[in-house]
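Whatever order the structure lists them in is the order used to number ligands and atoms, beginning at 1. Fair warning: this is a prediction, and the values are worked out from it, not measured in the lab.
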Amino acid sequence: MPVVTRSEVLPTHTPQLFKQAVERAAAALREGDVVAVPTETVYGLAANALNPSAVARIYELKNRPAHNPIIVHVAGLDMARRCVAEWPQTAERLADAFWPGPLSLVLRRAPGIPPIVTAGGPTVAVRWPSHPFIQELIRACGFPIAAPSANPANQLSPTTADHVERLMGNRLRLIVDGGPAQVGIESTVLDLTVAPPRVLRPGIIHEIAIRSVIGDVGSGGAAEGTLKSPGLLRRHYAPKAPLIVISWKDDADLLAQLRVRTSDLNRCHVLAHLRVPLNVPARVSVIPHDPEAFARAIYAELHRCDEEGAGLIAVEAPPDRAEWHAIADRLRRAAASP
Ligand code: TXA
Ligand code: MG
């Protein structure tokens, strides 16, 4: 692996810069290099999905276990179909409803997809992302792009170029800055090789939305997903400080619960969306009480807690509704003890 002291961050905020960044990133990918790129969910570590040694570098850079497969990103239905052995009606309908967008479909892999991408397994996860940069990059390359989230294994996913730089900056040559991720949490992963299809990782495209398109969907959720998808570890998406998910009646109740966990309230960060505390001596951030807005904000809030050296992070529990399930899932994993 080349030693990189500092990565170059490529801006994309004018048409000219966007075009230059596409060309630079495409050239690097053609040479078998790994580049950090924006997607609408989280930033990804991109490599040519058809080049096994380039994909091997992703595992190395992330320190990712070899048994954890990587999502293949495509631009268009033709490319998606070429990655898989069969393209069922359900895939067609879901692609029609949600692509380009934050939904990854697990299907039987085409022989052309190298085994390292699928961790040796018979299936491949395919996604057509909606972020204009990665779409243009895939078109310029002409090959599909393998990309996990651009963070060291099990840590918090990055939603800005700045997060990537802080997490991986000394290990990457190029980081493309495509602005803050619009979705903010990772894609829904849906297994279409089982009947009924099963959500392996919940996302902003939730079960009810999927059911409205294809009917029956397995409600196994996270626990069974853990068995099927080796990447779905119990502890994941974790900030450095311990994180708790709690509800409170009022400020006094919150304070009492925090005092049980820490004597250092000044280093305690509270992330609230409903009952915003006005009178506790902790650092309080307000996140909108709306699942999509919450998803967009949560990782940036947790990254900030890390930067500011939080001693304890208390997140107000989300409502128990389908639209909030992906958020509850990420918080549960972030809160799991190491
Ligand atoms: O939104 C996203 O999906 C982002 C952006 C970059 O596209 N990518 C992402 O990749 O979150 P990663 O590698 O951090 O998480 C992919 C998840 C892992 O839990 C992995 O185990 C699962 O998807 N996965 C990938 N391929 C699979 C397969 N063939 N079968 C089952 N699960 C799979
Ligand atoms: Mg990840």
Got a list of side-chain donor-acceptor pairs under 3.5 Å for residues 14-25, not counting sequence neighbours?
residue, atom, partner, partner atom, Å
Thr14, OG1, Leu17, N, 3.1
Arg24, NH1, Glu8, OE2, 3.2
Arg24, NH2, Glu8, OE1, 2.9

Ignoring hydrogens and geometry, is there a side-chain-to-backbone donor-acceptor pair from [X] to [Y] under 3.5 Å?
| X | Y | value |
| --- | --- | --- |
| His73 | Ala49 | no |
| Ser7 | Leu172 | yes |
| Arg108 | Pro122 | no |

So which bit of [X] gets within less than 4.0 Å of ligand 1, heavy atoms only: side chain, backbone, both or neither?
| X | result |
| --- | --- |
| Arg127 | side chain |
| Val124 | backbone |
| Glu40 | neither |
| Thr123 | both |
| Pro69 | both |

Could you tell me whether Glu292 atom CD has more than 12 heavy atoms of other residues or ligands within 6.0 Å of it?
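Atom CD in Glu292 is not crowded, with 12 or fewer foreign heavy atoms closer than 6.0 Å.
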Would you check if there is a donor-acceptor pair between the side chains of Ser104 and Arg201 at a distance under 3.5 Å?
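No, Ser104 and Arg201 have no side-chain donor paired with an acceptor closer than 3.5 Å.
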Look at the N, O or S atoms of Ser157, main chain and side chain alike, and state whether any lies under 2.8 Å from the Mg ion (ligand 2).
no
Mark up the atoms of ligand 1 that fall under 4.0 Å of a heavy atom belonging to [X], in ascending order.
| X | result |
| --- | --- |
| Ser187 | 1 (O), 2 (C), 3 (O) |
| Val189 | 23 (O) |
| Gly44 | 6 (C) |
| Ala125 | 25 (C), 26 (N), 27 (C), 29 (N) |
| Ala147 | 6 (C), 8 (N), 10 (O) |
| Glu186 | 1 (O), 11 (O) |

Determine, using heavy atoms of [X] and all atoms of ligand 1, whether some pair is separated by less than 4.0 Å.
| X | answer |
| --- | --- |
| Thr118 | no |
| Arg109 | no |
| Pro102 | no |

Please indicate whether any nitrogen or oxygen in [X] is less than 3.5 Å from any nitrogen or oxygen in ligand 1.
| X | result |
| --- | --- |
| Thr39 | no |
| Lys62 | no |
| His73 | yes |
| Asn68 | yes |
| Arg201 | yes |

Point-to-point distance, once rounded to the nearest 0.5 Å, from CG of Asp33 to CG of Leu174
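Answer for the CG-CG pair, Asp33 versus Leu174, is 7.0 Å.
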When rounded to the nearest 0.5 angstrom, what distance separates CZ in Arg171 from NZ in Lys62?
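Rounded to the nearest 0.5 Å, the CZ-NZ separation comes out at 10.0 Å.
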Is the ring centre of His206 less than 6.0 Å from the ring centre of His325?
no
Residues passing the salt bridge (charged side-chain N to carboxylate O under 4.0 Å, His left out) test with Asp177, sequence neighbours excluded, are none
Considering only NZ, NE, NH1 and NH2 on the basic side and carboxylate oxygens on the acidic side, decide whether Glu307 and Arg304 come within less than 4.0 Å.
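Between Arg304 and Glu307 there is no salt bridge, as every charged N stays at least 4.0 Å from the carboxylate O atoms.
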Less than 4.0 Å between a side-chain N and a carboxylate O, is that true for Arg82 and Asp78?
no
